[in-house]
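Just so we're clear, the structure is a prediction, and the values are computed from it rather than from any experiment. A note on names: the letters A, B, ... follow the listed sequences, proteins ahead of strands, and every chain is numbered from 1. As a basis for the values below, the full set of heavy atoms in this structure was taken, side chains included, without hydrogen atoms, waters or symmetry mates.
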There are 2 protein chains.
Amino acid sequence: MAVGVKEVAAAAGVSVGTVSNVLNRPDRVPEGTVQRVQQAIDQLGFVRNDAARQLRAGRSRSIGLVVPDIGNPFFAEVARGAEDRAADAGMTVLLGNSDENDARQGAHLALFQEQRVNGVLLTPASDDLASLRRFTDAGMPIVLVDHEAEEGALASVAVDDREGGRLAVSHLLQAGRRRIAYVSGPRTVRQVAQRLRGAEDAVAAVPDAVLEVIEQPSLTVLQGRAAGEQLAARAAEDRPDAVFAANDLLAVGLLQAFSFGSGIRVPEDIAMVGYDDIDFASATVVPLSSVRQPARLLGWTGVDLLLKELGGATQDGDDHDRRIRFQPELVARDSSGG
Amino acid sequence: MAVGVKEVAAAAGVSVGTVSNVLNRPDRVPEGTVQRVQQAIDQLGFVRNDAARQLRAGRSRSIGLVVPDIGNPFFAEVARGAEDRAADAGMTVLLGNSDENDARQGAHLALFQEQRVNGVLLTPASDDLASLRRFTDAGMPIVLVDHEAEEGALASVAVDDREGGRLAVSHLLQAGRRRIAYVSGPRTVRQVAQRLRGAEDAVAAVPDAVLEVIEQPSLTVLQGRAAGEQLAARAAEDRPDAVFAANDLLAVGLLQAFSFGSGIRVPEDIAMVGYDDIDFASATVVPLSSVRQPARLLGWTGVDLLLKELGGATQDGDDHDRRIRFQPELVARDSSGG
DNA sequence: ACTAAAGAATGAATCGTTTCATGCTCATGA
DNA sequence: TCATGAGCATGAAACGATTCATTCTTTAGT
């Protein structure tokens, strides 16, 4: 019933070693033999057992990717980029959703470790990176994605979130807005916090500008809508005249709340800037201004970095090469009056 | 260096069999022993090697999921649903993108087969299901998702696409439109073809209505924009007065093309209906009417079905239970004048 | 004709976990 | 006192592919 190399070997009249060679280094086996073995394989419908292969090899041929939410187009893009680069290297990507939850993240990492992945790309659910040592110490390299590593311990591929926040809010201030609201996700999420710092930087540079923070439990369209309804419920004079959303999903939700039901006009009453510049940003009710990040490139580079760490001299590279940082870019559309 | 059960056993002063029991059936081992072993595990930082485990077990604890494009929010939702159900059963989901390409799909399936997955959920890239037999014959069950199985061979979870197409176009016809364009993806994609048939059904029921088909190479925002630009380039009188897009991504692209640059008004000049009702549909320039499918439920049910096939009596269940079909639902918004 | 070297093929050992038939100990009841 | 059985623990065998030192075969060179 079970077809293994042994059965194939018997059918082809060769030894198991030869079958293995045909499978892994066909060039070292004469043409004729390859054919004979190949034929036996097809005939018997032999399928390599990857578990046995990995067991022997001691490693798998996959890398892990843990993101907060693959439903977010931004991370979907990151994943595509990662998969592209991994496929080039003949590797598979194992995906895990953390839901911005440390426990879930840990569970995924532990699982990946059991699978003996070559390493993992991680967008951390929180700033608590200490718990990662457990994994890196055990020899599972981790590359932080969209989250800058503090010191030399971890490699990272990030985008300057503080600068992104500054860009967004400066833009709103330049458009004459003064009462800015930052609709954020949980502050434990590093990106959210950094963007806020950038926003503060920008506000601090303009004397009469003020910044209000509205914190939502997660970075979803739904929460954006909730925040929007909350703002709409306020008296007009208590409302901000501009909103900077921590990501486009929140922004879309806000837009939905403003546009339908409440008669708040964007950008006249409230100007808006989102973050990530997902594909849908330019197709929203009011085309959404947003801070663009090179999502796909982020994933691609993350895997690339990981492969370098694996192959190349461990740990030696300039610390510089291990902490890559891209710059964000503001894309102005109608929602900010521009 | 390598820490295996053997080392743990030595450290705890027990046999490997006992360590294994602590790991897998702690209830059969006295409290004290469990503690001692547990402590050794922590101390040595032992991590189970899943490859060895699987090798012994002969199966993995994961199931595969192959979709055309995880970047499409619809499939992202399907994936979430699948993951939810799988996690309940203590299983992991392996993800593969086919890019609507048969070869890629086959590569993923082959890989999953090597991993000895318990089965796979597949949204086929084309109508060529014959090539799947190779896998099912080898004992890897396949559940079709968002694609109805023809006969009894395969299980499936689908949504009635023909009815969905009919719903969409009837709605446009009821709004008084007569020159309908169906902006489709590759016709080899079953869903695309079925929705077209539904559209034809609806058009056939109204004497002076005509249907034009504009076929795009893929179901993406980019292709939608291309189609939109193509339509915008036509003389006004040659344009359709309504467009039914094969999915929301295309619809968003069309909307982008119509709204910016060309002065085509939606729904006045051209009414629109999309498909899938993704989260963003209600936040587009002109809120998009769309045919809603229970995406998450689709994924959830797919895994559920798979688990039943695995656990329960193989192949015996009423053929009826193995081919589940949900009904779509029209959500009318501004884009269709509704 | 004989040796050396190159080319093919071999198959036992190995990876780390789980299983399971077997053995040991101790308490209970006859 | 002895048999019985329950409760634990044991450790060799098995899973299936890969590796590598070894053997066998052929060819080339002198």
Could you pick out which residue, B:Ala57 or B:Pro30, lies toward the 5' side of DNA chain D when each is mapped onto its nearest nucleotide?
B:Pro30
For B:Val29 and B:Arg116, find the nucleotide of DNA chain D closest to each by heavy atoms; which residue's nucleotide sits nearer the 5' end?
B:Val29
Could B:Arg322 and B:Glu309 be called an ion pair, given the rule that one side-chain N must be under 4.0 Å from one carboxylate O?
yes
So, is [X] near the phosphate of [N], with a side-chain N or O under 4.0 Å from OP1 or OP2?
| X | N | answer |
| --- | --- | --- |
| B:Thr33 | D:dA9 | yes |
| A:Asn24 | D:dA17 | no |
| B:Arg25 | C:dT18 | no |
| B:Ser15 | D:dG11 | no |

Quickly work out the [X] [atom1] to [N] [atom2] distance and round it to whole Å.
| X | N | atom1 | atom2 | result |
| --- | --- | --- | --- | --- |
| B:Ile41 | C:dT17 | CD1 | C1' | 13 Å |
| B:Asp27 | D:dC8 | CG | P | 11 Å |
| B:Arg28 | D:dT10 | CZ | C1' | 16 Å |
| A:Lys6 | C:dA12 | NZ | P | 10 Å |
| A:Leu55 | C:dT14 | CG | C1' | 9 Å |
| B:Leu23 | C:dG16 | CG | P | 15 Å |
| A:Gln54 | D:dG16 | CD | P | 15 Å |
| A:Arg53 | C:dG16 | CZ | P | 18 Å |

How is B:Val14 classified with respect to the nucleic acid when contacts are heavy atoms under 4.0 Å: base, sugar-phosphate, or nothing?
sugar-phosphate
Contact class for A:Gly17 (heavy atom, under 4.0 Å): base, sugar-phosphate, or nothing?
base
Quick one: the side chain of B:Arg56 and the base of C:dT17, do they pair up donor-acceptor inside 3.5 Å?
no
Calculate, to the nearest 0.5 Å, the distance between atoms CG and CZ belonging to B:Asp128 and B:Arg190 respectively.
12.0 Å
Could you tell me the separation between the OG1 atom of B:Thr301 and the CZ atom of B:Arg85, rounded to the nearest 0.5 Å?
9.5 Å
Would you say the side-chain atoms of A:Asp146 and A:Thr123 include a donor-acceptor pair closer than 3.5 Å?
no
Tell me whether B:Arg323 contacts the main-chain N or O of B:Ala149 through its side chain, where contact means a donor paired with an acceptor under 3.5 Å.
yes
Checking contacts here: which listed nucleotide (C:dG16, C:dT18, C:dT10) is nearest the side-chain heavy atoms of B:Asn49?
C:dG16
